[in-house]
Amino acid sequence: MENEKSGDAKKKEEYAEGIIKTAVPSLFGVLAGVISFFVLTNPSSEDGLLIAILLVLVQKFLYPFLHINMEGAKDWIYISFMTVFCWFVTFTLLLN
């Protein structure tokens with residue numbers, strides 16, 4: 001019975017960690033899109049993407065602070081994709 005409880009607790013912990021690994025890059029991507037919109041004078045320059053990449057690098061230092069285990073390249077590819085995708089959508093919507 002105790003083993004079953006610890007298994008449920010582990011599943012809940014992994015679920016919460018997965019939500020954090022999705023929500024944080026999404027918020028950072030939206031933040032990058034807003035910063036790009038207000039900082040850039042020429043929307044066709046690639047400086048907006050540089051802002052998104054810098055916010056991906058900021059997340060490298062944020063996850064140990066949040067006690068989130070980054071297991072390897074798969075997690076970083078997912079986080080980078082989510083950040084850049086949310087940056088692209090936000091920046092595009094703000095330009096319209």
Side-chain angles (χ1 to χ4, degrees):
M1 187 74 169
E2 185 176 311
N3 189 16
E4 187 176 306
K5 286 183 183 178
S6 66
D8 288 341
K10 184 160 177 81
K11 284 183 182 181
K12 286 181 182 179
E13 184 179 313
E14 289 175 358
Y15 181 72
E17 189 173 298
I19 289 176
I20 291 171
K21 285 181 182 178
T22 302
V24 171
S26 299
L27 292 174
F28 271 79
V30 170
L31 179 65
V34 170
I35 291 171
S36 296
F37 179 73
F38 286 114
V39 170
L40 299 179
T41 56
N42 182 10
S44 64
S45 72
E46 288 118 13
D47 295 338
L49 183 60
L50 179 65
I51 292 170
I53 292 170
L54 287 174
L55 285 177
V56 169
L57 293 175
V58 167
Q59 292 178 61
K60 178 180 180 176
F61 302 106
L62 179 70
Y63 287 113
F65 179 72
L66 295 174
H67 305 291
I68 301 296
N69 185 18
M70 300 304 289
E71 296 172 0
K74 182 177 136 184
D75 285 339
W76 284 111
I77 290 170
Y78 174 74
I79 286 169
S80 301
F81 173 77
M82 287 296 294
T83 304
V84 171
F85 177 75
C86 290
W87 163 79
F88 179 75
V89 170
T90 304
F91 190 50
T92 303
L93 289 175
L94 288 174
L95 285 176
N96 288 328

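Between Ile20 atom CD1 and Tyr15 atom OH the span is 12.0 Å, to the nearest 0.5 Å. Rounded to the nearest 0.5 angstrom, Lys74 NZ and Ile79 CD1 are separated by 12.0 Å.
Considering all non-hydrogen atoms of both residues, Pro25 and Thr22 come closest at CD-O, 3.5 Å. Across all their heavy atoms, Ser80 and Val56 have their closest contact at OG-CG1, 3.5 Å.
Put simply, Val24 and Phe88 are part of two different groups of oily side chains (I, L, V, M, F, W, Y) that touch within less than 4.5 Å, one to the next. Leu94 and Phe38 fall within the same hydrophobic cluster, where Ile, Leu, Val, Met, Phe, Trp and Tyr residues are linked whenever their side-chain heavy atoms come under 4.5 Å apart, directly or through other members. In the hydrophobic clustering of ILVMFWY residues, with side-chain heavy atoms under 4.5 Å counting as a link, Trp76 and Leu66 come out together. Linking Ile, Leu, Val, Met, Phe, Trp and Tyr whenever their side-chain heavy atoms come within less than 4.5 Å leaves Tyr78 and Val84 in two separate clusters.
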Check your understanding: Please walk me through it: do Leu55 and Trp87 pass side chain to side chain contact (heavy atoms under 4.5 Å, CB included)?
Key -> CA-CA 10 Å; Leu55 285 177; Trp87 163 79; over 6 Å; no
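The closest side-chain heavy-atom distance from Lys21 to Met70 is below 4.5 Å. You'll find the side chain of Phe91 reaches within 4.5 Å of the side chain of Leu40, heavy atoms only. When side chains are defined from C-beta on, Phe37 counts as touching Leu95, because their heavy atoms get closer than 4.5 Å. Within the 4.5 Å cutoff, the side chain of Asn69 has no heavy atoms near those of the Tyr63 side chain. Inter-residue side-chain proximity for Leu27 and Leu31 is flagged as unmet; no heavy-atom pair is nearer than 4.5 Å. Contact of the Phe28 side chain with the Met82 side chain is not registered, since no non-hydrogen atoms from C-beta on lie closer than 4.5 Å.
For Ser45 (side chain) and Asn42 (main-chain N/O), a donor-acceptor pair under 3.5 Å exists by modelled atom type.
For the side chain to side chain contact (heavy atoms under 4.5 Å, CB included) criterion with Leu49, the lone passing option out of Ile53, Asp47, Ile51 is Ile53.
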